[in-house]
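This report refers to the structure that appears directly beneath it.
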Amino acid sequence: QVQLVESGGGLVQAGGSLRLSCAASGRTFNNYAMGWFRQAPGKEREFVAAINWSGGTTRYADSVKGRFTISRDNAKNTVYLRMNSLKPEDTAVYYCATDRRFRVMTTTLADFNSWGQGTQVTVSS
């Protein structure tokens, strides 16, 4: 099983930026799509962004499109989420996860496994 560790969260002002990292272990990292999800207080976990196994295809939730950018460096076994123009509505715990299927692209939460512990992002007004 792949192990995932998120980092880079923190407290920022509205309009600011953060870059989250997700470090993965395991020899099969390069063959699986990765996703970022978030969970705000009182809400269910929701899709934010995903990237396919090679890094050539990305998908974003409408709420973050144009502001967030997902990328991956397979040589470093790391996935990133650059977040610009942050809003208070972006406040949540952010999680990364691997798709459970070999070289399959998805945005469906149920298709992901090997979840990290999450990193808190708080955006103040």
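We use all heavy atoms of the structure for the numbers below, so side chains are in, but hydrogens, waters and symmetry mates are not. Quick caveat, the model's predicted, so the values are computed rather than measured. When a residue number appears, it is its place in the shown sequence, counting from 1.
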Handout entry: Close side-chain approach of E89 and S63, heavy atoms under 4.5 Å
Key = no
Handout entry: Nearest-0.5 Å distance, OG of residue S21 to CG of residue L4
Key = 12.5 Å
Handout entry: E6 (side chain) donor-acceptor with C96 (main chain) under 3.5 angstrom
Key = yes
Handout entry: Flag if over 12 foreign heavy atoms under 6.0 Å of CZ, R45
Key = yes
Problem - Criterion side-chain contact (heavy atoms from CB on, under 4.5 Å) on Y32 and S114, from CA distance to verdict - result: CA-CA 11 Å; Y32 296 89; S114 299; over 6 Å; no
Problem - Check: T108 main-chain N/O paired with T106 side-chain donor or acceptor under 3.5 Å - result: yes
Handout entry: Short side-chain to backbone donor-acceptor contact, R82 and R19, under 3.5 Å
Key = no
Practice task
Apply the test side chain to side chain donor-acceptor pair (under 3.5 Å) to residues N113 and T98: give CA-CA distance (whole Å), side-chain angles for both, the deciding distance (0.1 Å), then the verdict.
Solution key: CA-CA 6 Å; N113 62 6; T98 57; 3.3 Å; yes
Handout entry: Any side-chain donor near an acceptor of the partner, S17 and N84, under 3.5 Å
Key = yes
Practice task
Check whether any side-chain heavy atom of L18 lies under 4.5 Å from a side-chain heavy atom of L86, and answer yes or no.
Solution key: yes
Exercise for the section: Report the C-alpha distance between R103 and N52 in whole Å, list the side-chain angles of each, state the deciding distance to 0.1 Å, and finish with yes or no for side-chain contact (heavy atoms from CB on, under 4.5 Å). Expected result: CA-CA 7 Å; R103 294 188 178 183; N52 79 326; over 6 Å; no
Exercise for the section: May I ask you to check whether F102 and W53 place their ring centres under 6.0 Å from each other? Expected result: no
Practice task
Please examine the side chains of D111 and R101, heavy atoms only from C-beta on, and report whether any two atoms are closer than 4.5 Å.
Solution key: yes
Completion exercise
Heavy-atom nearest pair, N30 first then R72, reads CA-NH2, 4.4 Å
Problem - Pair Y60 + F47: ring centers closer than 6.0 Å - result: no
Fill in the blank from the handout: Here the pair of heavy atoms bringing Q13 nearest to S124 is OE1-OG, 3.0 Å
Practice task
Look only at the side chain of T91 and the backbone of V123, and say whether a donor-acceptor pair between them is shorter than 3.5 Å.
Solution key: yes
Exercise for the section: Mind running side-chain contact (heavy atoms from CB on, under 4.5 Å) on I51 and T57 for me, showing each step along the way? Expected result: CA-CA 6 Å; I51 188 166; T57 303; over 6 Å; no
Problem - Side chains of W36 and V79 in contact at under 4.5 Å (non-hydrogen atoms) - result: yes
Problem - Geometric class of the F68/Y94 ring pair [parallel <30°, tilted 30-60°, perpendicular >60°] - result: tilted
Completion exercise
In terms of heavy-atom contacts, A40 and A92 come closest through N-CB, 3.8 Å
Handout entry: Backbone of L11 reached by a side-chain donor or acceptor of T122 within 3.5 Å
Key = no
Handout entry: Hphob cluster co-occupancy, V48 + V93, side-chain heavy atoms under 4.5 angstrom
Key = no
Practice task
Could you point out which residue of D90, V121, L81 forms a side-chain contact (heavy atoms from CB on, under 4.5 Å) with R38?
Solution key: D90
Problem - Greater than 12 external heavy atoms within 6.0 Å of R100's CZ - result: yes
Problem - Pair E46-F37, side-chain contact (heavy atoms from CB on, under 4.5 Å): steps then yes or no - result: CA-CA 5 Å; E46 66 176 353; F37 297 79; over 6 Å; no
Practice task
Look at the side-chain heavy atoms of Ile, Leu, Val, Met, Phe, Trp and Tyr, link any pair under 4.5 Å apart, and say whether V64 and L20 land in one connected group.
Solution key: yes
Practice task
Look at the side-chain heavy atoms of Ile, Leu, Val, Met, Phe, Trp and Tyr, link any pair under 4.5 Å apart, and say whether M34 and M83 land in one connected group.
Solution key: yes
